[in-house]
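Beneath this line is the structure, given in structure tokens, with notes to follow.
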Amino acid sequence: LQDIAVKSGLGKRVAFHGWLQRKELDELYDRSTCVVFPSVWHEPGGTVAFEAMAHAKPIIMSAVGGMPEVVRDGKNGILVPPNDTQALATAIMAVTGDNELATTLGERGPVDIAERFTIDIHMRTLDTVYRKALSYS
């Protein structure tokens, strides 16, 4: 990927950070306009989406696996079809070119975490699922 970035003339615009300590990662999130995660795999629960939301950053993510349950298109981020480079570029340009959109999408992230993804909510959901499963016996 580094070779592709250099050969494409993007060497000075793309950084490959490698493994980062939590403080360094937090600083990168804080300096970013948005977080782009164009996965082609069926992500069951990409940690990157939750981290972006916690940092109040809009996320642009492929609509794969369980990610549409986390990233709500037009609410806390933008979902794009996997392998659709044009849709990905359009989404990046929309968010980076519109501060109000970036702010609105980003501000929804911490709210979504508090309303949908706390450990208490998760435990109540699991309890409900287990009770339903037990009632079928």
Side-chain angles (χ1 to χ4, degrees):
L1 291 175
Q2 289 172 322
D3 288 342
I4 291 170
V6 170
K7 289 176 185 173
S8 300
L10 299 172
K12 293 182 180 182
R13 297 183 68 193
V14 175
F16 293 88
H17 297 281
W19 180 260
L20 297 172
Q21 297 296 321
R22 170 54 51 193
K23 182 179 178 187
E24 297 168 307
L25 185 58
D26 288 341
E27 289 171 3
L28 281 176
Y29 275 118
D30 291 341
R31 291 191 340 238
S32 68
T33 300
C34 65
V35 175
V36 181
F37 188 25
S39 182
V40 296
W41 305 107
H42 291 281
E43 300 291 339
T47 303
V48 172
F50 294 107
E51 289 178 345
M53 291 165 58
H55 284 86
K57 299 299 176 180
I59 184 151
I60 300 169
M61 178 170 261
S62 299
V64 294
M67 296 322 324
E69 295 175 32
V70 176
V71 177
R72 296 182 302 150
D73 191 41
K75 303 291 184 197
N76 62 2
I78 298 176
L79 291 170
V80 297
N83 293 312
D84 188 336
T85 55
Q86 184 59 51
L88 181 62
T90 299
I92 293 169
M93 290 173 62
V95 172
T96 59
D98 185 341
N99 287 335
E100 186 176 331
L101 175 63
T103 299
T104 300
L105 295 174
E107 287 175 345
R108 185 68 207 170
V111 174
D112 277 355
I113 288 175
E115 291 178 352
R116 301 170 53 215
F117 299 112
T118 65
I119 191 67
D120 290 337
I121 292 168
H122 180 69
M123 295 306 293
R124 283 195 305 269
T125 302
L126 282 178
D127 183 63
T128 300
V129 169
Y130 291 149
R131 288 180 189 279
K132 285 181 181 177
L134 289 171
S135 70
Y136 286 113
S137 23

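Using a 4.0 Å cut-off between a side-chain N of Lys or Arg and a carboxylate O of Asp or Glu, Asp120 and Arg124 do not qualify as a salt bridge. Between Arg108 and Asp112 there is a salt bridge, since a side-chain N of the basic residue sits under 4.0 Å from a carboxylate O of the acidic one.
Evaluation of the salt bridge (Lys or Arg N to Asp or Glu O under 4.0 Å) rule for Asp84 yields no partner, not counting sequence neighbours.
In this structure, Asn76 contributes its side chain and Val70 its backbone to a donor-acceptor pair below 3.5 Å. Using a distance-only test at 3.5 Å, with no hydrogens or angles considered, no donor-acceptor pair links the side chain of Ser62 to the main chain of Pro82. The backbone N or O of Glu100 sits nowhere less than 3.5 Å from a side-chain atom of Thr103 that would complete a donor-acceptor pair.
Each ring-ring contact (aromatic ring centres under 6.0 Å, His included) pair with one or both residues in residues 71-99, not counting sequence neighbours, would appear here, but there are none.
Side-chain contact between Glu51 and Leu25: present, with at least one pair of heavy atoms (C-beta onward) separated by less than 4.5 Å.
Nearest heavy-atom pair, Lys57 versus Ser32, reported as atom, atom and distance to 0.1 Å: NZ-O, 2.8 Å. Heavy-atom minimum distance, Pro110 versus Ala54: CG-O, 4.3 Å. Summarising the geometry of Thr96 relative to Cys34, their closest heavy-atom pair is CG2-SG, 4.3 Å, with the distance given to 0.1 Å. Considering all non-hydrogen atoms of both residues, Ala49 and Met67 come closest at CB-CE, 3.8 Å.
Within 6.0 Å of atom CG in Leu1, 12 or fewer heavy atoms from other residues, nucleotides or ligands are found, so the atom counts as exposed in its surroundings. When the shell of 6.0 Å around CD of Glu24 is examined, it contains more than 12 heavy atoms from other residues, nucleotides or ligands. Within a 6.0 Å sphere centred on CZ of Phe16, other residues, nucleotides and ligands contribute more than 12 heavy atoms.
Ring geometry for Tyr29 versus His55: interplanar angle under 30°, hence parallel rather than tilted (30 to 60°).
To the nearest 0.5 Å, atoms CZ (Arg72) and CZ (Arg116) are separated by 4.5 Å. Note that CG of Asn99 and OG1 of Thr33 are 7.5 Å apart. Values are rounded to the nearest 0.5 Å.
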| request: I would like to know whether Met53 and Phe117 meet side-chain contact (heavy atoms from CB on, under 4.5 Å); could you show each step before the answer? | output: CA-CA 11 Å; Met53 291 165 58; Phe117 299 112; 4.0 Å; yes
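Val36 belongs to a hydrophobic cluster whose remaining members, ordered by chain and number, are Ile60, Ile78, Val80, Leu88, Ile92, Val95, Leu101, Leu105; membership requires side-chain heavy atoms of ILVMFWY residues under 4.5 Å apart, directly or through intermediates.
If you chain together hydrophobic residues whose side chains sit under 4.5 Å apart, Phe50 and Leu20 fall into the same group. Using a 4.5 Å cut-off between side-chain heavy atoms of Ile, Leu, Val, Met, Phe, Trp and Tyr, with links allowed through other members, Val71 and Val35 fall into the same hydrophobic cluster. By the criterion of side-chain heavy atoms lying less than 4.5 angstrom apart, applied directly or through intervening Ile, Leu, Val, Met, Phe, Trp or Tyr residues, Ile113 is not grouped with Ile121; the two fall into different hydrophobic clusters.
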